[in-house]
Structures are given as C-alpha cells and as structure tokens.
Amino acid sequence: MQTDDFDVNAQMLQLRQGNASIGAIAAFVGLVRDLNEGSTVSTMTLEHYAGMTEKSLIDIASQAQNRWPLQGITIIHRVGELNPTEQIVLVLTASAHRHAAFESAMFIMDYLKSQAPFWKKEATPEGARWVDARESDETALARWQ
Amino acid sequence: MQTDDFDVNAQMLQLRQGNASIGAIAAFVGLVRDLNEGSTVSTMTLEHYAGMTEKSLIDIASQAQNRWPLQGITIIHRVGELNPTEQIVLVLTASAHRHAAFESAMFIMDYLKSQAPFWKKEATPEGARWVDARESDETALARWQ
Amino acid sequence: MVRILYFASLRENLGLADESINEPVTTVAELLDLLAQRGQLWDEQLRQNTRLQIAVNQTMTKREAAITTGDEIAFFPPVTGG
Amino acid sequence: MVRILYFASLRENLGLADESINEPVTTVAELLDLLAQRGQLWDEQLRQNTRLQIAVNQTMTKREAAITTGDEIAFFPPVTGG
C-alpha cells in the first residue's frame, strides 16, 4: 500500500533481480478512468483498512504461489486521492512459462477486486459517490473455485 | 522488430498517451532463461523473416482488435543475439476493463508463439541447437478457435 | 470490550470511523442487535443490510461468528479496489 | 522465375539462405519435386519433411498452393518466437 506512484519497469527489474530461470512476466496496471457508469470523474479517492488490506494481499499472493509455479509476485496498490490517467494498482507475476504467469496475474486481480478491503469514491459533477461493487467481479472469482 | 532492449514503463506511457478512457493495461514480457530442456543456455540468437514477421504481428494485432474492445496494442520483439535474463518480447494491451486486456494479451502471445516467423537458436555446452516448436503452443492456440 | 471499525459509505452514513463498546456480546449477530437499538439508521445500515461485509480480527467472516473481549470487528460495504 | 528463401535449421542444413530459379512451376508441390531432384538431403529436408512450413508472398499456405512468376516462396521449420 502506498500513496506514491510506481514505475513498472523498475518493479519488474526488482522482481527479476537477475534470476535467469524466469522466462515470463505477466503484468497488470489498473488506471483511473475519467468516465464511469456514465458520469465524468474528476478525482477518485481510495480508502483501505490499514492492517487487514496488507494481510489480504499477502494471503492472495500465497494462494497464487500454491496454485502456480511462480518465482515472484509483486502487488502494489495506491491509496488516497488519484486523478484520471493515474496508476492505481500493479500486479506482476514471474514464472518459467507464460501460462502460469498470465493465469496467476488474472487470479490475483480477480481476488483483489472482490476480497481486498479497498473502497473507491468518485468525485463527479453530480457530487461524490462510492463506487458500487460489480456483480461481474463476483462472477470472475467463481471460475477459480 | 528491433535489436535494442525496451523499457516497459516508457512503452506503457506511450500506449496510454494520457487517454483517460483506459482502465486496464495487461502486459507480458518474455525473457531468456539460462536453462531450457535440461541444458544450460549461454546465448540465444533470434532469427526472423524480414517483411513477413512484421506482417504477421500486424495481422495478429488486428485480429485482437476485432475480438476485444481495445484502445491500443504494443508488440515489440527483439531479434539477434540475447543473453539469459534479457527481454525478448513485450506485449501490451489497453482496454476499459481488465478481462479484455488480459485475454487479448494471452491471445496475442499464443498466436505469436505459433504463427509469427521467429526461430530461436541456443548456444549450450553440447553445442548450438535450434529450439523445437512445442506441442503445447499449438494446444494453446486451439482454444481461441 | 470490543473495538468496532466502520469503513467507506458506512463510516460516512453513520458518522463514525471507530468506537469501543463494553457491553457483553458473544457473536457478531448479537453485536448487530445491540447497535440496531440505537435507531433506524443503525438498524438499516447494519443489521438489515444484506450486503454488509464483516471482518473479525481482520479476517472476513459471517454474522454467526463468535467474538470475545479484545476483538476487532469491522463493518464495511462490498469492496471495490483494483 | 520465383524467389526461394530458407530459414533457421533449413537454411543451415541446406547451406543456402535464398535463390532464384527459372524453371516453370505452377504449385509449391511441383517446386518441392523439382528441388528434391537435387539429392537426398534436399528431398529429406523439404519434400519429405512433414513439419515443413510454407509461405507464399509472406502468407502461410500449403503444398497445393498455386505459384506464379515473381512469387516469393519461403520454407522454414515450425516457428519458436516469443
């Protein structure tokens, strides 16, 4: 968890650390959009549950480690106020082969979206509103179970 | 196609170019491993078919564009001699939502692996050898058809 | 004594981020009954809220969960990170 | 006249990267028959090679494909990029 932005390349280099048995890194970056459910978004504020959020992310990462042969995982999630086009979340997974890397990154994002305690509040011309959880995120989770 | 290395963060920024309707970027980086099929790999040489390779990548990208609502695609593939831990390939896909981004990146990699004219030659202690195409890459392709 | 945390829209609607209570409660459901006695707002936001998410000591759980003195109980709406 | 390109292990095994031939051929199969006449190495590497990949004018195709003067025909093993 951090308020600062992140550099994807630097995070990848840190994850690899010259480990020559890594053949594949899958990455996901989530970004603030300026339009959500029909309204213009001027800023987004991310709230989290200090303590529990970190534990959830560690738990999600260890579930991914148990399911796929991974050589490393990075999860960075920003909190606080963010503007459209800013980076919100970074997930990196490293493996010998690409399918393990891709699948574990999707798994982590699906779990993070529906299990990690983060809440988004958007400022729109109609006033501020909390982003509602999406049914589709629950559906996405179901396929891993 | 290029012999030079690439910076993932710079490529992402170029793909986004301040486009605030992008909510998700999926990325894949392929790396040279120092061990393949039981042998130590000291260097890898990537050969391509100048002209046709570019056309294949453009064709794969346009197939992905037709299948998913994407706001941008980047494909960079290096050729020439590379050492273990070096980056070989980068695929970036940008979309409003994460599933389109993830799936299109996987699709592009599966097609690239089995359709784009690239060949790898590995230098090992037992001598140089051409990397054999893997059955699993054909299987991976089949699920998109 | 248990500590209670409220997050996001619940925190805003109840006008409270956290509190500690001394009344003896043995399950989350009992705690919700107790809080609902504060009035309609509390009843609607918590006890009657079918989408209410509950964590006890930072682990997601259900209304049936047992609680004991010293526990940290958190109430929040469905999460929307990433 | 057609232009022929050989890549990767084929290029190395045949000791040739590209060539142009003037003999009239109307399909890839006919061209492979013609090249196989050069000897066992050529026959094995090309005509008898069940994994042979073929591109005509930079598009993947099969042995049945028609070819005409000015075409660029490429022969190569299964690809292994990425």
Side-chain angles (χ1 to χ4, degrees), chain A residues 5-13 15-36 40-42 44 71 83-99 101-103 105-110 112-113 134 136-137 139-140 143, chain B residues 5-13 15-36 40-42 44 71 83-99 101-103 105-110 112-113 134 136-137 139-140 143:
Chain A
D5 198 12
F6 47 81
D7 178 294
V8 181
N9 213 55
Q11 291 297 330
M12 276 198 189
L13 284 169
L15 180 66
R16 289 161 54 190
Q17 287 186 350
N19 180 347
S21 64
I22 298 173
I25 295 183
F28 179 82
V29 175
L31 302 156
V32 183
R33 292 190 299 145
D34 63 359
L35 192 76
N36 194 24
T40 310
V41 175
S42 55
M44 167 170 287
Q71 276 140 315
N83 296 311
T85 79
E86 281 202 80
Q87 301 186 125
I88 304 169
V89 60
L90 172 68
V91 170
L92 300 178
T93 54
S95 182
H97 301 290
R98 75 184 183 285
H99 288 115
F102 268 127
E103 283 175 20
M106 291 176 80
F107 170 89
I108 289 168
M109 278 307 303
D110 285 346
L112 191 156
K113 279 268 179 187
R134 290 194 305 157
S136 62
D137 286 327
T139 314
R143 72 188 157 135
Chain B
D5 198 11
F6 48 80
D7 179 293
V8 180
N9 214 56
Q11 291 297 329
M12 275 197 189
L13 284 169
L15 180 66
R16 289 160 54 190
Q17 288 187 351
N19 180 348
S21 64
I22 298 174
I25 294 184
F28 179 82
V29 175
L31 301 155
V32 182
R33 292 190 299 145
D34 63 358
L35 192 77
N36 192 26
T40 311
V41 175
S42 55
M44 170 171 283
Q71 276 139 317
N83 297 311
T85 78
E86 283 200 78
Q87 302 186 124
I88 305 170
V89 61
L90 172 69
V91 170
L92 300 178
T93 53
S95 182
H97 301 291
R98 75 185 183 284
H99 288 115
F102 268 127
E103 283 176 20
M106 293 177 80
F107 170 90
I108 289 169
M109 277 308 301
D110 284 345
L112 191 155
K113 278 269 181 188
R134 291 192 306 157
S136 61
D137 286 329
T139 315
R143 72 188 155 134

Could you walk me through whether Asp110(A) and Arg98(B) pass the side-chain contact (heavy atoms from CB on, under 4.5 Å) check?
CA-CA 9 Å; Asp110(A) 285 346; Arg98(B) 75 185 183 284; 2.7 Å; yes
Run Val29(B) and Met12(A) through side-chain contact (heavy atoms from CB on, under 4.5 Å) and show every step you take.
CA-CA 9 Å; Val29(B) 175; Met12(A) 276 198 189; 3.8 Å; yes
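Scanning all heavy atoms of the two residues, the minimum distance from Gly18(B) to Thr85(A) falls at O-CG2, 3.5 Å.
If you measure heavy-atom distances from Ala96(B) to chain A, the contacts under 4.5 Å come from both the backbone and the side chain. Interface remark: Met109(B) contributes backbone and side-chain atoms alike to the contact with chain A (heavy atom separation under 4.5 Å). The part of Val32(B) that comes within reach of chain A is its backbone (N, CA, C, O), which places non-hydrogen atoms under 4.5 angstrom from that chain.
Within the model, atoms NE2 of His99(B) and OG of Ser136(A) stand 7.5 Å from one another, a figure rounded to the nearest 0.5 Å. Note: Arg16(A) CZ to Gln87(B) CD = 5.0 Å, rounded to the nearest 0.5 Å. Taken to the nearest 0.5 Å, the CG atom of Leu90(A) stands 11.0 Å off from the CD1 atom of Ile25(B). Interatomic distance, Asp34(B) CG to Ser21(A) OG, rounded to the nearest 0.5 Å: 6.5 Å.
Side chain of Asn9(B) to main chain of Asp7(A): no donor-acceptor pair is present (N/O by atom type, distance under 3.5 Å, no hydrogens or angles).
The aromatic ring centres of Phe102(B) and Phe102(A) sit 6.0 Å or more apart.
For the options Leu13(A), Asn36(A), Leu35(A), Ile22(A), heavy-atom pairs under 4.5 Å to chain B are most numerous at Ile22(A). For the set Ala105(B), Ala94(B), Pro84(B), the count of heavy-atom pairs under 4.5 angstrom toward chain A peaks at Ala105(B). The residue among Gly23(A), Ala26(A), Ala24(A) with the most heavy atom pairs within less than 4.5 Å of chain B is Gly23(A).
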